[in-house]
Amino acid sequence: MTPSNDQRPTTNDQPMAKAYEPRTTEDRVYRFWETRGYFKGRIPEPGSAVAARDPFCIIMPPPNVTGELHVGHALTDTVEDILIRWHRMLGDPTLWVPGVDHAGIATQNVVEKQLAKEGISRHDLGRDEFEKRVWQWVGRYRPIISNQHRRLGASADWSSEVFTLDDTPQRAVRTTFKKMFDDGLIYRGERLINWCPRCRTALSDLEVEHDEQQGNLWYIRYPVVDGAHADGSPRLTGEHITVATTRPETYVGDVAVAVNPRDERYTSWVGRTVMLPVIQREIPVLADEAIEMEFGTGAVKVTPGHDPTDFEIGQRHGLRIVNVMNDDATLNDEAGPYAGMDRYEARMTMLRDLEELHYLEKTEPHTMQIGTCSRCHTVVEPLMSWQWFVNMGPLAKPGIAVVREGRIKFVPERFERIYLNWMENIRDWCVSRQLWWGHRIPVWYSTDEDGDKIIVTLPAEWAPDHVAQAPGNVAKAPSNMAQASSPAERTPGDSQPGTAVPHEGSPAGTAVPHERSPAGRTVPHSGAGPHPPAVATYNELRASGVSHETILRYGTWSGVGATPIVSIETPERSPAGGGHLLQETDVLDTWFSSGLWPFSTLGWPEQTAELKYWYPTSVMETGYDIIFLWVSRMIMLGLYNLGEIPYSTVYLHGTVRNEHGQRMSKSLGTGIDPLEVIEKYGADALRYTLITSSGPGNDMKLSEQRVEMGRNFANKLWNVTRFVISMIGDTKVAPFDIDALVSANRQPPTTSLPVEDRWILSRVEGLARSVDEQMRKFELGEAARQVYEFVWSEFADWYIEIAKVRVRGATAEGTREAVAAEDSPLPVLAYVLERSLRLLHPFMPFVTEELWQALTSKLDGIDQDALIVAAYPRGESGYADAAAEREMELLIDVVRAIRNIRAEKKVEPGKFIEAYVAADGARGVLEAGALYIEMLSRARPLHIVGDISQAPKDQVATAVLEGVTAVVPLAGLFDTAAERARLGKLIADAEAEAGRIDAKLRNEQFRAKAPAKVVAAEEERLAAVRARLDGLRAGLAELG
RNA sequence: GGGCGGUUGGCUCAGCUGGUAGAGCGCUUCCUUCACACGGAAGAGGUCACAGGUUCGAGUCCUGUACCGCCCACCA
């Protein structure tokens, strides 16, 4: 390695290995690119040539810091890197911004799992300490992740890397929140939300998965009540109404029974009163359209506090809401004797009780969709809770318009409808999360003004004794500390048990205060554990001696009824002066910051030069599974904040599955580690495989076998180049100059170049045009396949084989001379190979750069320093030589025909055999290619005759092609019967084909309606098949 | 309950605007000759899920059916 060269990926004085070794190449090549600064997204100088070109910018979907990258990320990187490298080579100003996502709930969960291994919970650490632990996690995984991108070859601008919790995104989040709040798009409200009892946080609708589960439909009798006995006890009529439910444990929250108003079975029941068994609550029977008469008994228990449909029924009929559950899915005191039980334990206990009292009529098996937490797969509970929401309607409107108007295009197109359908039915977005990791909501409450409205939950150990015990469910989630002392989660299928703290004493029987919520409804509270937390107003706690610092450090609070102070900057003191400020303890849904990603990465809310130049970005490439979660929100928030679309194209890839079609999952061990694949096969092999394994929007199965194909191709390329370099030897070669050729002579120079040169040049220019077309259509896999096909099946299999003959001739065998030096194939060989490397570079960057460096060190007139910045071929020379392509095909067919005969007759591979070929009107072509036919099919002497009748007729095998007949005398090897059989089969095939074409041509309709071009082609084809048939029949006749 | 995607040789998949069915792997036969056995040569193998329809012509367009998968949806 020479000192001046140490930045080069390849040194010229080392002999190339026999096989490509990705491991000794990739890191070195990547370092070469990176240190040379090729990845840097540069804003062009005004007035410069590049300034006229459209910038091309991709913001990378930031992977979660939860762990290492999986193959799905590898696909993302591959697609995006291909687009980026392609545009870079096209000469466009190019920027690819990498980033990492803090991934709130996901990361919090993995760190909590880690803590669990140490036997502690996040509550043992407290919020600050816990956040430190998460930051440690981030510090560990961020470098791993960026290293993995590098291993994949991602040519991202690392100087622009962003983390979602960096200052700028933080500012973007706060700015957006404030703007939305001021615009009335963000509000705080008490709604029925999805609650994960294990994660102990609210979830948006999109974070709930609907799994089909086998459950039961239980039929429960509610006795009819008519007035009361003298002692006040309800007077039962002996009748009952039966309701069917899948969730009997919520019956304690029932406030009515509903039937369909048109249901004649129940007409007389409406308005009567029934009683809930055991807990003896009296509730009305009412009529509501939402009830399906066919389902169950047609009578439904109405539980507005725990079911969205029932909530709406409740709203329509002014029913109160009874919340019967704690935040850990144990029942609260509304459940009477069942209080304190886990929801499933309560279910079973209730069913036993009901059965005993003959209130359980029957049980039927029933399959149903059940909502589970997308993070931990615990069954979610619909719970009433105070949360922050975004009113999406006004945001969706422009988001719909830009797609309708075609300003944003989806690839594949079909996802547009899916997007639009969701956007048109959009619902408000619950954005607050009861987590510790994330963007904390930029809302503060003033203890001065609202000290009586700020409800603080303090863990028992910090609670003063005389403060009221344990009201749990204040408004939103109760204290996080309270959760630490709750029973371990027992949900089936939940692999991660909750934080297990010994359960002392019974929570049942705790006095339960009720609090009036601002909405005017009574919200029940519950005691959730043995050491109930204190729940009190800020002022009460302070009055009982708890310091502000203690509240700040250990408390959780919410300002129901308080005036929120929404601010971008953290306010120093309350506006009224003097008092303290308490910031909302909730954080925002991770996807809130993700939605700002296309511009927060570019500096927004500052009007940076980067933002001005690169925004709107070009392509958003991501998985179709996050169209709603992410894509839609970026579009809406981009339009909202900047008044401009975030990108003009959304390219969606599918899900990568393993070879058995399973989703990749770390916990199931069904994942494929991209680094392992890279270690074994190389990054280029993985990339090639990923991009060719399926089209846009379609899922794919990735198998090792398939990666082998990519590896083999890289190796093929390696050896092709190795061979070309060895042929070039010590004297530099100037690659063929196609531009000079074409500009000097618009017509293909049919005479000055040998047919194989004109053929391969025509093919490679055509390939470049085709690849360009495919790339523009985002058919990246098809583009890659085409280059593969060209390099292997045309360039390597034929052009190189012919070039060998041209250079070496057949002198060893003593009959012909090698071609003269001025007819050397080297310029064309070098040109075509160099073009091929360029075409392939976006797909297989490492091996192509390595080879390009090695090759161009042997070439004159290459003006770029590196392939990564070399111009991408687009076939702009326009060179095309149809005649050469036809002629070359003919030569190839002749070689194949003779080889076929040799193989069938089991002629020794190396042995030369005599052959006769005749072509009507193409004799010149055969003569020009005679040496190649001879050498490639080992046919010698090769007789080119005017008419095949001049060939011997005895003991010969005949091959008839379009316009060419070959006859191979096979004395000694000949088997008449075998030859007859061989010809017989060929004749039968040809006859069938001729029959088909003939029938088509006899069809008057076809002649009348098909385009003349198609008819002519069919006629030509028929003539050719018939000629072939004649030749074959003649051959057969000769056999006697 | 809606919607979408898939169903092409043994396996995994291409086949983009309708005009002679392709690839890789696997399989058969042969070849370790001076780029490559991560290779070369020759070959076998497909009623393009099924049923209709449009068309001169359909794997490709339309309708329906069947399986498989996914998404959305408040039938308790």
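Only heavy atoms go into these numbers, but all of them, side chains included; no hydrogens, no water, no symmetry mates. In what follows, every chain begins at residue 1, and chains take the letters A, B, ... in the order their sequences are listed. Just so we're clear, the structure is a prediction, and the values are computed from it rather than from any experiment.
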So what does [X] hit on the nucleic acid, given a heavy-atom distance under 4.0 Å: a base, only sugar-phosphate, or nothing?
{"X": "A/His306", "answer": "nothing"}
{"X": "A/Arg247", "answer": "nothing"}
{"X": "A/Arg427", "answer": "sugar-phosphate"}
{"X": "A/Glu908", "answer": "nothing"}
{"X": "A/Ala244", "answer": "base"}
{"X": "A/Phe713", "answer": "nothing"}
{"X": "A/Phe415", "answer": "nothing"}
{"X": "A/Arg414", "answer": "sugar-phosphate"}
{"X": "A/Trp792", "answer": "sugar-phosphate"}

Requested in this report: With RNA chain B as reference, determine whether A/Arg896 or A/Thr309 sits nearer its 5' end, using the nearest nucleotide of each.
Outcome: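 Its nearest nucleotide being more 5', the pick is A/Arg896.
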Query - Residue mapping more 5' on RNA chain B - nearest nucleotide basis, A/Arg417 or A/Ala714 - result: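 Per heavy-atom nearest nucleotide, the more 5' residue is A/Arg417.
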Return the value, rounded to whole Å, for the distance between atom [atom1] of [X] and atom [atom2] of [N].
{"X": "A/Met709", "N": "B/C25", "atom1": "CE", "atom2": "C1'", "answer": "9 Å"}
{"X": "A/Asn425", "N": "B/C72", "atom1": "CG", "atom2": "C1'", "answer": "9 Å"}
{"X": "A/Asn216", "N": "B/A76", "atom1": "CG", "atom2": "P", "answer": "13 Å"}
{"X": "A/Tyr419", "N": "B/C72", "atom1": "OH", "atom2": "P", "answer": "16 Å"}
{"X": "A/Arg899", "N": "B/A41", "atom1": "CZ", "atom2": "P", "answer": "6 Å"}
{"X": "A/Glu209", "N": "B/C70", "atom1": "CD", "atom2": "P", "answer": "11 Å"}
{"X": "A/Met935", "N": "B/A41", "atom1": "CE", "atom2": "P", "answer": "16 Å"}
{"X": "A/Arg191", "N": "B/C74", "atom1": "CZ", "atom2": "C1'", "answer": "17 Å"}

Query raised in the report: Taking only side-chain nitrogens and oxygens of A/Asn712, does any of them come within less than 4.0 Å of OP1 or OP2 of B/G39?
Result: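 Checking A/Asn712 against B/G39: at least one side-chain N or O falls below 4.0 Å of OP1 or OP2.
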Query - Footprint string (nucleotides 29-35 of chain B, 5' to 3'): B base within contact, S backbone only, - free, heavy atoms under 4.0 Å - result: SSS---B
Query - Reading 5' to 3' through nucleotides 10-20 of chain B, protein heavy-atom contacts under 4.0 Å coded B for base, S for sugar-phosphate only, - for none - result: --BSS-B--BB
Flag the pair [X] / [Y] as yes when at least one side-chain heavy-atom distance between them is below 4.5 Å, and no otherwise.
{"X": "A/Arg938", "Y": "A/Arg899", "result": "no"}
{"X": "A/Leu851", "Y": "A/Leu833", "result": "no"}
{"X": "A/Met384", "Y": "A/Phe311", "result": "yes"}
{"X": "A/Val847", "Y": "A/Thr25", "result": "no"}
{"X": "A/Glu704", "Y": "A/Lys680", "result": "yes"}

Distance check, [atom1] atoms only: [N] and [M], in whole angstrom units.
{"N": "B/A66", "M": "B/C30", "atom1": "C1'", "value": "46 Å"}
{"N": "B/A41", "M": "B/C48", "atom1": "C1'", "value": "30 Å"}
{"N": "B/G24", "M": "B/A42", "atom1": "P", "value": "12 Å"}
{"N": "B/G18", "M": "B/A76", "atom1": "P", "value": "45 Å"}
{"N": "B/C25", "M": "B/U17", "atom1": "P", "value": "28 Å"}
{"N": "B/G69", "M": "B/U8", "atom1": "P", "value": "15 Å"}
{"N": "B/G9", "M": "B/C71", "atom1": "C1'", "value": "32 Å"}
{"N": "B/A21", "M": "B/U65", "atom1": "P", "value": "31 Å"}

Requested in this report: Give the ring-plane orientation class for A/Tyr651 versus A/Phe778, where under 30° counts as parallel, over 60° as perpendicular and anything between as tilted.
Outcome: tilted
Query - Parallel, tilted or perpendicular: ring planes of A/Tyr20 versus A/Trp718, cut at 30 and 60 degrees - result: tilted
Query raised in the report: Is the distance between the ring centroids of A/Tyr788 and A/Tyr688 under 6.0 Å?
Result: yes
Requested in this report: Give a yes or no on this: more than 12 heavy atoms of other residues, nucleotides or ligands lie within 6.0 Å of atom CD of A/Gln214.
Outcome: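 Above 12, so yes.
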Query raised in the report: What nucleotide, of B/A73, B/A42, B/C38, holds the atom closest to the side chain of A/Asn715?
Result: B/C38
Report summary line: Out of B/A76, B/G39, B/C72, minimum distance to the side chain of A/Leu206 belongs to B/C72
**Report entry** Member of A/Val968, A/Ile898, A/Asn900 meeting the side chain to side chain contact (heavy atoms under 4.5 Å, CB included) criterion with A/Ser937
**Finding:** A/Ile898
Requested in this report: Could you list the residues that satisfy salt bridge (charged side-chain N to carboxylate O under 4.0 Å, His left out) with A/Glu364, not counting sequence neighbours?
Outcome: A/Lys362
**Report entry** Contacts of type salt bridge (charged side-chain N to carboxylate O under 4.0 Å, His left out), residue A/Arg1007, not counting sequence neighbours
**Finding:**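 Expected list: A/Glu1019.
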Report summary line: Note on RNA chain B: ranges paired as stems (three or more Watson-Crick/G-U pairs in a row, both atom distances under 3.5 Å) are B:1-7 with B:66-72, B:10-13 with B:22-25, B:27-31 with B:39-43, B:49-53 with B:61-65
Query raised in the report: Got a sec, which residues hit side-chain hydrogen bond (donor to acceptor under 3.5 Å, both in side chains) with A/Arg896, two or more places apart in sequence or on another chain?
Result: none
Query raised in the report: Of A/Phe628, A/Tyr624, A/Phe410, which is the lone residue that meets ring-ring contact (aromatic ring centres under 6.0 Å, His included) with A/Phe415?
Result: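 When ring-ring contact (aromatic ring centres under 6.0 Å, His included) is applied between A/Phe415 and each of A/Phe628, A/Tyr624, A/Phe410, only A/Tyr624 qualifies.
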